[in-house]
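Working notes, structure below.
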Amino acid sequence: MPLFLPEQLLRLELAADSDEQTVSRTLAQLPGQAFHDAASASAWQAQPGDLVAFAGAEAHHATSVRRLKRDETLSVADGTGLELVGAVAATTKSMLALCVEQRIAHELATPSLTLVQALAKGGRDELAIQSATEAGVDAVVPWQAKRSVSVWQGRKLTTGQERWASVVREAAKQSLRARVPEVGEPVTTPQLAAALDGAQADAAGGRLALLLDPEAKERLTTVSLDRAVEAAHGEVMVIIGPEGGTDPAERDRLMNAGVIPVRLGESVLRTSSAGLAAISVLSARLGRW
């Protein structure tokens with residue numbers, strides 16, 4: 001069953017048993033301004049038996065690429081965990097109407113999983129966040145590490161974050177995830193350490209930060225996760241360094257902020273694959289898998 005992430009949704013004032021011709025005619029008569037934020041907010045409150053419609057790139061993909069037809073099943077999600085499952089009621093070249101059959105609220109898992117990924121050249125950082133999203137990560141943060149060959153500065157700070165958001169959105173859709181991981185603002189090592197210092201100072205905080213380090217003595221498979229598991233809103237943060245490894249001075253600064261170095265095994269993974277391996281191990285340990 002395909003999943004789509006439309007930017008806006010519209011509720012149709014039609015009966016659930018309306019014939020295809022009636023629904024198609026209604027879609028064709030909709031003004032362009034019918035799809036807007038207020039209407040979308042209302043449409044996401046749809047219940048089984050309601051008819052909703054979406055347009056734009058997602059509708060084009062559904063109708064022209066996937067060529068979905070009447071009565072075929074699909075789902076739409078708002079990216080924050082709400083999913084509407086139903087059958088196609090009608091399509092046009094640019095819109096699709098769905099008869100809602102099921103409404104599902106996907107809660108954020110606890111503890112959540114965050115990937116802090118160092119910027120890397122050749123698209124390796126994008127490959128890292130794509131695979132981590134498919135594996136179930138809940139948030140990603142771009143890290144401008146000292147040894148990162150790729151540098152985000154000026155306008156690139158904005159365009160880079162937007163590009164990462166697009167990558168995780170597409171990965172979430174391909175892996176049928178109703179909840180799209182949040183992409184945080186880029187951080188430098190001092191900014192990351194300062195945020196972790198604050199978390200350490202919070203006695204009730206449940207953030208556990210782990211740095212993948214091939215020279216670490218502690219293994220990711222055995223390190224205690226109790227701090228995150230026992231908290232009401234726990235978080236396990238995995239920090240992945242750039243190609244060439246984390247600079248020793250950065251490693252020390254992060255450790256002073258409470259970060260625990262851990263390793264996966266005897267082999268050294270690339271920055272593009274280390275995050276996926278770490279998220280996979282943690283997902284198994286936390287009972288997600």
Side-chain angles (χ1 to χ4, degrees), residues 112-169 171 181-199 207-216 218-220 223 235-265 267-283:
S112 61
L113 295 176
T114 297
L115 173 67
V116 177
Q117 174 64 51
L119 303 182
K121 65 180 182 180
R124 295 190 182 97
D125 49 10
E126 293 183 7
L127 179 59
I129 63 171
Q130 175 186 327
S131 57
T133 297
E134 294 169 355
V137 77
D138 300 302
V140 297
V141 178
W143 175 29
Q144 185 72 67
K146 184 176 181 179
R147 290 180 176 175
S148 290
V149 176
S150 177
V151 177
W152 289 6
Q153 56 186 4
R155 190 170 183 274
K156 180 63 175 177
L157 288 169
T158 300
T159 59
Q161 185 180 7
E162 291 174 346
R163 172 59 185 168
W164 275 33
S166 176
V167 170
V168 300
R169 185 177 182 85
E182 178 183 353
V183 178
E185 294 185 358
V187 295
T188 61
T189 301
Q191 290 171 330
L192 177 59
L196 293 172
D197 279 334
R207 174 181 284 173
L208 174 67
L210 307 172
L211 171 68
L212 248 61
D213 183 346
E215 298 181 1
E218 187 83 67
R219 287 181 177 269
L220 182 59
V223 66
E235 175 191 12
V236 180
M237 174 183 285
V238 181
I239 305 172
I240 306 296
E243 300 285 348
T246 304
D247 179 79
E250 287 183 312
R251 180 179 183 274
D252 291 343
R253 177 65 184 91
L254 293 174
M255 288 180 63
N256 289 336
V259 174
I260 302 173
V262 294
R263 62 188 177 94
L264 283 166
S267 59
V268 178
L269 300 181
R270 304 195 71 167
T271 191
S272 57
S273 56
L276 171 61
I279 295 299
S280 299
V281 169
L282 290 169
S283 293

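- Put simply, the side chain of Val167 reaches to within 4.5 Å of the side chain of Arg163, judged on heavy atoms.
- Glu250 and Thr246 get closest at one heavy-atom pair: CB-CG2, 4.0 Å.
- Taking a 6.0 Å sphere around CD of Glu243, one finds it holds more than 12 heavy atoms contributed by other residues, nucleotides or ligands.
- One distance of note links CG of Leu211 with CG of Leu220; it measures 11.5 Å at 0.5 Å rounding.
- Lys156 NZ to Gln161 CD: the interatomic distance, rounded to the nearest 0.5 Å, is 12.0 Å.
- Atom CD of Glu134 sits about 6.5 Å away from atom OG of Ser131, to the nearest 0.5 Å.
- Arg147 has its side chain within reach of Pro242: a pair of non-hydrogen atoms, C-beta onward, lies under 4.5 Å apart.
- The shortest side-chain heavy-atom distance between Leu113 and Ser283 falls under the 4.5 Å cut-off.
- Applying side-chain contact (heavy atoms from CB on, under 4.5 Å) to Val262 and the options Val223, Val238, Ile239 leaves one that passes, Val223.
- Considering only heavy atoms from C-beta on, Val151 comes within 4.5 Å of Gln144 through its side chain.
- We find the CG-CG distance between Asp213 and Leu264 to be 11.0 Å, quoted to the nearest 0.5 Å.
- Checking side-chain atoms of Ser148 against main-chain N and O of Ala118 turns up no donor-acceptor pair under 3.5 Å.
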**OP:** Test side-chain contact (heavy atoms from CB on, under 4.5 Å) on Val140 and Gln130 and set out the steps.
**Re:** CA-CA 10 Å; Val140 297; Gln130 175 186 327; over 6 Å; no
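- Between Thr271 and Gln117, some side-chain heavy-atom pair lies under the 4.5 Å cut-off.
- Residues Leu269 and Leu212 form no side-chain contact, since every pair of their non-hydrogen atoms from C-beta on lies 4.5 Å or further apart.
- Note that the CD1 atom of Ile240 and the CG atom of Asp125 stand 12.5 Å from one another [nearest 0.5 Å].
- Counting all heavy atoms, side chain and backbone alike, Leu276 lies closest to Ala135 at CD1-CB, 3.6 Å.
- Ala165 approaches Val183 most closely through the heavy-atom pair CA-CG2, 3.7 Å.
- In terms of heavy atoms, Pro142 sits closest to Gly184 at CD-O, 3.2 Å.
- Considering only heavy atoms from C-beta on, Arg263 stays 4.5 Å or farther from Glu218 through its side chain.
- Counting all heavy atoms, side chain and backbone alike, Glu126 lies closest to Trp164 at CG-NE1, 4.1 Å.
- The two residues Arg253 and Ala194 have their closest heavy-atom pair at NH2-N, 4.3 Å.
- Side-chain N/O atoms of Thr189 and Trp143 include a donor and acceptor closer than 3.5 Å.
- Contact of the Leu196 side chain with the Met237 side chain is registered, since non-hydrogen atoms from C-beta on lie closer than 4.5 Å.
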